[in-house]
Amino acid sequence: MTLDADLVLEGGGVKGIALVGAVAVLEERGYRFHRVAGTSAGAIVGSLVAAGVPARRLREIMEQLDYRRFRDGTWLTRLGLPGQLLTLLLRSGVYRGEELRAWLREVLDEAAVRTFADLRLEDPGASVSPGEAHRLVVMASDISEGCLRRLPWEYDRYGLDADEVEVVDAVRASMSLPYFFRPVRLRDRVADQRRWLVDGGMLSNFPVDVFDRRDGQVPRWPTIGLKLSVRADAAQGVRHPIGGVWSMSRAMLGTLTGFYDRIHLDRADVLARTIFIDTGKVRTTDFDLDRAAAQELYENGRDAAERFLDGSGDRPAWDFDDYVRRFRQPAAGSGPPHPEPGSRSD
């Protein structure tokens, strides 16, 4: 039996292997994903899922990946902290991010995906505009404008044809962790000014509502979110000791990152469709992650997805029809509370 769904993946650097574990279980249970959204590491995994890479191959890719190769600095960065600080001042980021771009392009080439034209989605029943008809959406923060950009949907803002942009370029923008990777710079053709794009997680690391219908109709299938924390309030109440400019900057970033998403997580409908994955003490930038830790993350992702689907503790098994009854009744006058005929194959 085939089950339709859209998928949203939270960012989390090297913790992304946990996302692969959850995707594997969903795939084994018959889910196929029409559209995928992600931020940072979620954008990396999401781009491969949207390209049709099966979970088995995803696991092989992530297991063979040496994250240390992504620390692609210059000769200055090899001089230690002084060189890294100088590089940061000169380039606005310690690492170039080109190794990640090259690696991802190679993997996507295996799936015959290069530009967003290769991820066009024909879906007459969707409530999206022609400019949003892609299988993949990634989040990037335009810090020049102070806003979230959903790529490729908003490439026209920069005078670019979305279908001509390489998928890796959008992912590279989404994973530009401030200070760590250099920002991506694009020219805003409307204002004729250069804009800086960084990690989408600054504004929305978990855009779970990105595919929600906007026409008041009942969704044809669920959007399932994968979140890299063991519980909904895991990121709340985090304290940031401050002793100087550097720690103050980290505290401001930590406070900003995910604030919008924590507001979302107060909603019962978001909690009901989210798989929470325990990633332990692994940090986003633990590029020296060993195979044992990576395997544990993968298994944690699998366990979380199985508990979500089958139910555990005080949480019932996932039931889309029950979800619709509880949270997705149509707006008054928008039509009958039933999915469109033939829109779901389960």
Run the salt-bridge test on Arg328 and Asp269 with the 4.0 Å N-O cut-off and return the result as yes or no. yes

Taking it one step at a time, do Leu297 and Leu289 satisfy side chain to side chain contact (heavy atoms under 4.5 Å, CB included)? CA-CA 10 Å; Leu297 285 172; Leu289 192 72; 3.9 Å; yes

Would you say the side chains of Tyr158 and Asp142 form a donor-acceptor pair under 3.5 Å? yes

Does any part of the side chain of Arg101, heavy atoms only, come nearer than 4.5 Å to the side chain of Glu166, both counted from C-beta? no

Carboxylate-amine/guanidinium proximity below 4.0 Å for Asp310 and Arg29: yes

With a cut-off of under 6.0 Å to the ring centre and 45° to the axis, is Arg59 in cation-pi contact with Tyr298? yes

Flag the pair Arg135 and Asp118 as a salt bridge only when some basic side-chain nitrogen lies within less than 4.0 angstrom of an acidic carboxylate oxygen. no

With heavy-atom distances below 4.5 Å as the criterion, would you say the side chains of Phe181 and Val198 are in contact? no

Close side-chain approach of Leu121 and Arg35, heavy atoms under 4.5 Å: yes

Going by the rule salt bridge (Lys or Arg N to Asp or Glu O under 4.0 Å), which residues pair with Glu60 if we only count those two or more places apart in sequence or in a different chain? Arg57

Among all residues two or more places apart in sequence or in another chain, which pass the ring-ring contact (aromatic ring centres under 6.0 Å, His included) test with Trp196? none

Salt bridge check, Arg194 against Asp188: does any charged N sit closer than 4.0 Å to a carboxylate O? no

Spacing of SG belonging to Cys147 relative to CD belonging to Glu154, to within rounding of 0.5 Å: 7.0 Å

Does Leu7 reach the side chain of Thr223, with side-chain heavy atoms less than 4.5 Å apart? no

Determine, for Arg325 against Asp322, whether the closest basic-nitrogen to carboxylate-oxygen distance falls under 4.0 angstrom. yes

Under 4.0 Å between a side-chain nitrogen and a carboxylate oxygen: does that hold for Arg114 and Glu164? no

Is any NZ, NE, NH1 or NH2 atom of the basic residue among Arg220 and Asp4 found under 4.0 Å from an Asp or Glu carboxylate oxygen of the other? no

Decide if atom CZ of Arg56 counts as having more than 12 heavy atoms of other residues, nucleotides or ligands within a radius under 6.0 Å. no

Salt bridge (Lys or Arg N to Asp or Glu O under 4.0 Å) partners of Glu27, counting only residues at least two apart: none

Evaluate side chain to side chain contact (heavy atoms under 4.5 Å, CB included) for Leu104 paired with Leu48, printing each intermediate quantity in order. CA-CA 9 Å; Leu104 184 58; Leu48 301 178; 3.8 Å; yes

Counting C-beta onward and ignoring hydrogens, is there a side-chain heavy-atom pair between Arg157 and Glu145 closer than 4.5 Å? yes

With a 4.5 Å limit on heavy-atom distance, are the side chains of Tyr31 and Ile224 in contact? yes

